[in-house]
Amino acid sequence: MANLEGTSEEVYDREGCPRGDMENRIKELRLDLFADRMSRHRWWANEFRLLLSGLAYMLIEAIRRLGLKGTELAKAQSGTIRLILIKIG
C-alpha cells in the first residue's frame with residue numbers, strides 16, 4: 001500500500017477495510033458454516049458438502065441483509081444468527 005494515492009487514513013478506508021471485511025466473511029464461512037470440512041473420501045461428496053455450506057452462507061447473508069435490517073442482529077456474525085434464529089428457533 002506504499003505506492004497508493006491519498007493519505008494513510010484514506011488508503012486504509014478505501015483498501016484496508018474492505019479487504020478485512022472480506023477476510024472476516026471467509027472466516028465466517030469456514031468456522032461458522034463448516035466449509036472447511038472435507039472428510040469424505042470421494043471428491044463429489046466433498047464438493048456437495050462445500051456447495052451446501054455456500055448455500056447456507058448465502059441464505060444467512062440474505063436473512064441478515066433483508067430480514068434483520070434495522071435490528072441489533074443486522075451486523076451479527078453468521079454463527080450468532082445461526083445460534084439465535086435457527087438453533088433456538
Side-chain angles (χ1 to χ4, degrees):
M1 287 193 208
N3 59 351
L4 298 176
E5 300 279 332
T7 66
S8 59
E9 290 85 13
E10 291 171 347
V11 171
Y12 176 75
D13 289 342
R14 189 178 64 240
E15 304 290 333
C17 288
R19 178 182 174 183
D21 188 50
M22 183 54 62
E23 288 176 1
N24 287 338
R25 299 295 161 240
I26 292 169
K27 185 168 51 171
E28 279 184 270
L29 182 61
R30 269 188 37 247
L31 299 176
D32 296 337
L33 299 173
F34 313 110
D36 62 343
R37 292 189 181 173
M38 300 293 159
S39 58
R40 302 287 118 199
H41 295 291
R42 297 185 178 242
W43 185 85
W44 285 110
N46 288 325
E47 178 72 15
F48 185 67
R49 191 172 193 165
L50 185 61
L51 177 70
L52 289 179
S53 293
L55 290 172
Y57 180 77
M58 289 173 48
L59 176 64
I60 287 183
E61 186 60 33
I63 290 171
R64 180 186 322 175
R65 190 180 66 245
L66 301 172
L68 299 175
K69 189 177 188 177
T71 67
E72 62 185 38
L73 291 175
K75 294 192 175 195
Q77 291 185 348
S78 299
T80 305
I81 294 171
R82 184 175 61 97
L83 179 68
I84 293 176
L85 295 180
I86 297 172
K87 276 188 171 181
I88 295 175

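- Atom CG of Leu59 sits about 10.0 Å away from atom CD1 of Ile81, to the nearest 0.5 Å.
- By the rule that hydrophobic residues join a cluster once side-chain heavy atoms approach within less than 4.5 Å of another member, Leu55 and Phe48 end up as members of one cluster.
- Atom CH2 of Trp43 has more than 12 heavy atoms from other residues, nucleotides or ligands within 6.0 Å.
- By the rule that hydrophobic residues join a cluster once side-chain heavy atoms approach within less than 4.5 Å of another member, Ile63 and Ile84 end up as members of one cluster.
- Under 4.0 Å is where a charged nitrogen must lie from a carboxylate oxygen, and between Glu23 and Lys27 no such pair does.
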Can you give the donor-acceptor pairs under 3.5 Å from side chains of residues 67-74 to other protein atoms, not counting sequence neighbours?
residue	atom	partner	partner atom	Å
Thr71	OG1	Leu68	O	2.6
Thr71	OG1	Leu73	N	3.3

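- Atom CD of Glu61 is surrounded by more than 12 heavy atoms from other residues, nucleotides or ligands within 6.0 Å.
- The distance from the CG atom of Leu51 to the CG atom of Asn46 is 12.5 Å, given to the nearest 0.5 Å.
- Between Ser78 and Arg64, some side-chain heavy-atom pair lies under the 4.5 Å cut-off.
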